[in-house]
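Here the structure comes first, spelled out in structure tokens, and everything after it is commentary.
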Amino acid sequence: MGPTPKPPSLHLPPTSTSPDGDAAPQSPSNLLAWDGTSRLYYWDSNLRCLHRISIRLGDPEPSKVLAASPSKVLHTDVEISFEVNKISINRNGSALFLSGAYGLCVMYLYGRSSSKDDSIICRTVSIGSQIYFNGRNLIHVRKVSWHPYSDTHLGILSSDSVFRLFDLSSDVLQPEQEYYLQPVEPGRSRNAASICPVDFSFGGDHLWDKFSVFMLFSDGSVYILCPIVPFKSVYKWESVLEIYSDAEMFGLKSANPVAVNNSNLAIFWLEATFPELAHESKEGELSTLRAHPYAIFDASLCLQGPLRKVCHGVEDEDLAVRGAECEGHAVSFLYDLASKDSILVTAWSGGQLQIDALSDEIQPVWTVGSPPRLRVNSHDHILGLAMLCESISGELPVVKLDNPHDHTVWLGHPPPLLRLAIVDLALPRKTESGSYISMFADPLMPERIYSVHDGGIDSIVLHFLPFTSQSSGKDETVRSPSVHPVLSTCQVENSTPSPLCGFIALSDSFGYSWIAVTTSNKECVVLEMKTLNLLVPVHVDKKKESASSEEWTNRNPPDFISKELLSGPKVVLVPQGSPNLRSVAADSIEGRSTLHQYLNLFHENYVEYAHKVYFELEHHGPQLKKIIDDQHARLAEAQEKLSKVVKKQSGLENRVNHAMHRHNLLEQRLHCLRNLPGVHKKPLSKAEREFKSELDQFTRVELDALRASIDTLRARLGRFRESSKGDAPNQHRKIAGRNNVLDAQISQLKSSLTKLSLVNSDNTKKVKLVESALKNQEISR
């Protein structure tokens with residue numbers, strides 16, 4: 001099943017490029033947002049305003065869309081000086097963020113009416129302007145997302161490998177929580193792509209997943225931070241009590257001291273974050289729990305990962321620790337909770353989607369001995385925290401499917417991945433950097449994932465979920481996902497695709513899924529997506545198809561005449577007469593009575609049967625004539641098709657002869673090409689091909705990652721200088737040793753920056769030398 005053949009369309013105000021000279025962002029624009037009920041928001045890049053459109057899906061008919069016209073216009077109370085490329089609304093529909101390459105603002109949607117026109121003026125505040133967008137900072141924002149369990153918390157991942165949580169209700173300039181990501185030990189990085197963050201995603205409503213944040217790096221490695229809870233966020237009592245009971249049952253009762261220690265930390269953190277857990281008497285009174293600010297004073301969160309594939313045997317142990325299997329570099333990430341399965345989807349610039357499922361539950365892990373930094377008020381209440389999150393040092397054990405449960409639970413190991421599929425979207429490579437793919441999950445059917453790229457939109461449906469099938473008791477076979485094109489922006493094969501500037505997945509009150517998209521050529525389309533029987537496979541029994549239609553007709557003839565008539569009239573039992581019946585005269589009273597009785601029997605049986613036969617034949621006559629006419633029409637159609645085949649036979653013979661002639665010419669050309677001197681050169685060996693692929697990877701990914709690292713160091717150095725200048729009056733009051741430490745740190749940063757620049761230049765020279773050597777070697781061959 002796919003989209004309807006004639007999708008309804010909804011025209012919005014046109015969008016156009018801003019007249020400013022802002023650089024285009026790396027990721028595609030998404031200027032659509034949906035509040036989950038009936039309001040669609042659209043950002044006009046030309047007029048720099050927000051349009052609010054009230055729509056009704058599937059009403060009054062299932063395939064109809066009603067929209068209010070004209071739209072309600074919402075203006076910001078401050079001027080937006082940057083180009084907006086993404087908007088998103090929080091869960092209660094009260095605020096919407098405007099994100100761009102050079103700015104991030106939050107627009108509160110309930111404002112005051114304007115006196116000039118029938119528009120609404122909304123309060124707009126800038127987020128983290130001192131950290132990201134101060135004009136001299138080179139820290140770029142990689143991803144912005146609302147937290148699913150809070151209406152005021154915004155998560156931001158930046159190029160300096162720092163994940164920050166902002167609480168808009170308290171402070172929009174200073175983050176509430178900061179997590180400095182250290183995926184590899186200092187000096188141990190083999191490539192720069194392993195330390196460049198790309199994307200992140202919050203977990204879903206499943207055990208510890210709700211407290212987890214998934215981090216994706218440029219080399220495709222995925223890490224987990226758990227637990228991360230926004231202050232004052234709200235969670236369900238049952239879900240928190242479930243993981244609390246799980247930690248007491250499987251952690252404290254374990255024979256492994258490591259599992260007991262980890263579960264003790266988790267229980268201590270749960271009881272401090274949710275104090276109501278210690279009061280069992282309130283279990284029936286509470287339905288939700290509010291998180292309290294808390295942090296373990298002598299431990300920081302561990303950066304769990306990189307997540308590895310689960311092994312099926314000894315021969316697969318090398319595959320578990322092997323690097324990326326897709327082309328290019330990782331560009332986006334999606335967490336999708338489908339029933340009991342946590343699905344992780346990684347998109348690559350080469351046009352592939354890597355689909356995995358967590359084969360074990362996520363558990364919180366802390367690094368003891370690395371205390372966080374806390375910001376408190378005058379009453380010693382925590383206002384904010386910052387911590388360094390390092391990965392587990394040493395080699396991680398290879399997890400196998402046959403490992404017992406006690407060997408993996410609460411031991412601090414990151415959950416392994418169960419590879420479901422690698423989907424190749426077959427996107428044309430038009431730039432060296434590859435394609436950018438963004439992904440969304442269907443709001444009603446989480447097994448369906450939408451991938452949005454330059455060529456349009458594709459739908460990927462997962463037909464196999466391992467733990468969902470196992471829990472339901474179904475013995476399903478592993479089936480590969482199905483890919484269906486939903487919308488294409490390439491009308492001609494050689495034409496330039498029209499990139500989409502907005503995409504959103506919708507759902508109506510009738511249980512149907514919709515998608516709304518806007519294109520750069522001022523068009524908006526709303527499509528109804530069919531979900532019924534999409535996951536049910538079609539089973540065809542080939543053995544039962546052997547019987548022909550003629551045999552089936554002979555076995556089951558159509559009932560044109562009732563079986564009662566075909567069996568004939570009923571058998572009439574002649575009444576018993578007297579022995580002297582032949583001597584009775586016909587004109588006597590007894591003879592006449594006997595004849596009258598026989599006549600009544602004959603009329604009741606044979607005459608009425610004849611009338612029934614006549615009525616049946618007269619009634620089925622037109623139907624039989626219709627069937628005969630239909631058979632004659634089909635016969636005429638078949639004869640016409642046969643005549644067309646006879647006419648085309650000569651043309652087909654000419655085309656076959658032409659193809660044979662063309663084949664002979666190509667064979668002659670191939671024979672001539674084989675005689676050329678350059679054909680017999682030796683092909684590249686396996687080691688040379690691997691070395692060439694490493695060079696391509698270094699040229700496309702590593703150099704960009706090194707430049708990003710240098711820019712981040714420069715930004716940190718600039719911030720450090722500014723902070724040192726701002727604290728100059730206070731520095732004179734402190735001891736002179738503090739100045740020496742600061743000077744040493746600054747000199748160390750300068751030397752590190754100089755070394756990185758030298759390494760970058762040396763690597764560039766080596767790449768050029770290797771490329772020239774390869775070219776000379778190919779020419780000499």
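Count residues from 1 along the sequence.
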Polar side-chain atom of W146 near backbone of S88 as donor-acceptor pair, under 3.5 Å: yes
P485 versus D458, closest heavy-atom pair with distance: CA-OD1, 3.4 Å
From CD (E447) to CG (D341), nearest 0.5 Å: 9.0 Å
Working for side chain to side chain contact (heavy atoms under 4.5 Å, CB included), residues L462 and I343: CA-CA 10 Å; L462 303 178; I343 307 300; 4.0 Å; yes
Non-hydrogen atoms of K86 and L31 that approach each other most closely: N-CD2, 4.2 Å
A426 backbone acceptor or donor facing D424 side chain under 3.5 Å: yes
Student check: side-chain heavy atoms of L420 and P466 closer than 4.5 Å: yes
Flag, side chain of T468 to backbone of L465, donor-acceptor distance under 3.5 Å: no
Side chain to side chain donor-acceptor pair (under 3.5 Å) against N30, all qualifying residues, sequence neighbours excluded: none
Heavy-atom closest contact (A441 atom, L334 atom, distance): N-CD2, 4.3 Å
Minimum side-chain heavy-atom gap I355-V423 below 4.5 Å: yes
Heavy atoms from other residues, nucleotides or ligands near NZ of K72 exceed 12 (cutoff 6.0 Å): yes
Any side-chain donor near an acceptor of the partner, S332 and D199, under 3.5 Å: no
Side-chain heavy atoms of M439 within contact of V452, under 4.5 Å: no
Which residues share a side chain to side chain donor-acceptor pair (under 3.5 Å) with E361, sequence neighbours left out: H206
Value rounded to 0.5 Å, distance of CG in L32 from SG in C501: 7.0 Å
Of all pairs that satisfy side chain to side chain donor-acceptor pair (under 3.5 Å), the ones with a partner from residues 646-672, not counting sequence neighbours: H663-E667
Whether S71 side chain and R52 backbone form a donor-acceptor pair below 3.5 Å: no
4.5 Å side-chain heavy-atom contact, L527 and W514: no
Side-chain touch S482/I460, heavy atoms, less than 4.5 angstrom: no
Qualifying residues under side-chain contact (heavy atoms from CB on, under 4.5 Å), relative to P446, sequence neighbours excluded: D336, A338
Side chain to side chain donor-acceptor pair (under 3.5 Å) partners of residues 627-641, not counting sequence neighbours, each pair once: K625-D629
From S459 atom OG to I515 atom CD1, the distance as rounded to the nearest 0.5 Å: 8.5 Å
Stepwise side chain to side chain contact (heavy atoms under 4.5 Å, CB included) check, V65 with R56: CA-CA 6 Å; V65 178; R56 295 172 62 182; over 6 Å; no
Minimum-distance pair of heavy atoms, taken over all atoms of Y450 and D442: OH-OD2, 2.6 Å
Side chain proximity check, F440 to I504, heavy atoms < 4.5 angstrom: no
L500 CG to D454 CG distance, which is reported to the nearest 0.5 Å: 8.5 Å
G351 versus I437, closest heavy-atom pair with distance: CA-CD1, 3.9 Å
Minimum side-chain heavy-atom gap P416-D360 below 4.5 Å: yes
Results of ring-ring contact (aromatic ring centres under 6.0 Å, His included) for F202 - residues two or more places apart only: H147, F200
Interatomic spacing from CD in E242 to CG in L207 - rounded to 0.5 Å: 5.0 Å
CA sep, side-chain torsions, deciding dist, call: Q352, L425, side chain to side chain contact (heavy atoms under 4.5 Å, CB included): CA-CA 6 Å; Q352 295 88 20; L425 300 178; over 6 Å; no
Those residues that, when tested against Y41, pass ring-ring contact (aromatic ring centres under 6.0 Å, His included) (two or more places apart): none
Pairing residues for S507 by the side-chain contact (heavy atoms from CB on, under 4.5 Å) criterion, not counting sequence neighbours: P443, L444
Distance-minimising heavy-atom pair for I422 and C326: CG2-SG, 4.0 Å
side-chain contact (heavy atoms from CB on, under 4.5 Å) partners for S54, two or more places apart: R39, A68
S342: partners by side chain to side chain donor-acceptor pair (under 3.5 Å), with sequence neighbours left out: D209, Y335
Within-4.5 Å side-chain heavy-atom neighbours: V517 and L487: yes
Short side-chain to backbone donor-acceptor contact, S488 and G456, under 3.5 Å: no
Side chain to side chain contact (heavy atoms under 4.5 Å, CB included) between F503 and I457, intermediate numbers included: CA-CA 9 Å; F503 175 87; I457 304 173; 3.3 Å; yes
Results of side chain to side chain donor-acceptor pair (under 3.5 Å) for D35 - residues two or more places apart only: T37
D356: partners by side-chain contact (heavy atoms from CB on, under 4.5 Å), with sequence neighbours left out: Q354, L417, R419
Between CG on residue L418 and CG on residue L358, distance to nearest 0.5 Å: 9.5 Å
